[in-house]
Amino acid sequence: MPELDFENTIKQYNEHVDKKEDPDFYKSSDYLRFSIRKGPFYALKARSTSLGTIGGIETNAKMEALKVNKQPIKGAYVAGNDASGMYDTSYPTLEGISCAFAWNSGRLAGKSVIKYLGK
């Protein structure tokens, strides 16, 4: 990280703390209590990781489990890390992606179950 960028970021954050207002990320003033004024300061490049599954049971858009011939198994649904399809050979480097897929695939599976049950 260029030193000037780092210094400007610290300066801007301290201004937000002083004003108890964060117009960039809308951080609550409750959490703008501590300024960053005394060093030393360090910056490092970090690489995030995610927890998820590569592989899993193949599904269609309704989150129905699929047989080897790609035909759905009626009444069998798969969601979250047990479902295949989101990842193929590697995880994205963003935290929370597998959680978002779990929530959304669970929602889709739930909608499909309700329809399957005729409710």
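FYI, side chains are in, hydrogens and waters are out, and symmetry mates aren't considered; it's all heavy atoms of this structure. Computed from a prediction, not measured in an experiment: that's the story for all the values here. If you read the sequence from its start, that first residue is 1, and numbering goes on from there.
Nearest heavy-atom pair across Lys20 and Ser29 is O-CB, 3.4 Å. In terms of heavy-atom proximity, Leu32 sits nearest to Glu21 at CD1-N, 3.5 Å. Taking all atoms of both residues into account, the shortest heavy-atom contact from Ala109 to Ala79 is CB-CB, 4.5 Å. The heavy-atom pair separating Met63 from Leu108 by the smallest distance is CG-CB, 3.8 Å. The minimum heavy-atom distance linking Ser112 with Tyr77 is given by the pair CB-CE2, 3.4 Å. Between Lys27 and Tyr13, the closest heavy-atom pair is NZ-OH, 3.4 Å.
When atom types are taken as modelled, the side chain of Ser35 and the backbone of Arg37 share no donor-acceptor pair closer than 3.5 angstrom.
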Between Ile57 and Ser84, is the side chain to side chain contact (heavy atoms under 4.5 Å, CB included) condition met? List the steps. CA-CA 5 Å; Ile57 299 169; Ser84 181; 5.9 Å; no
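Between Glu64 and Val78 there is no side-chain heavy-atom pair separated by less than 4.5 Å. The side-chain heavy atoms of Asn60 and Leu66, taken from C-beta on, include a pair separated by under 4.5 Å. Contact of the Lys111 side chain with the Lys115 side chain is not registered, since no non-hydrogen atoms from C-beta on lie closer than 4.5 Å.
To the nearest 0.5 Å, atom NZ of residue Lys19 and atom CG of residue Asn14 are 12.0 Å apart. Atom OG1 of Thr9 is separated from atom CG of Asp24 by 9.5 Å, given to the nearest 0.5 angstrom.
With salt bridges taken as basic N to acidic carboxylate O contacts below 4.0 Å, none links Lys67 and Glu58.
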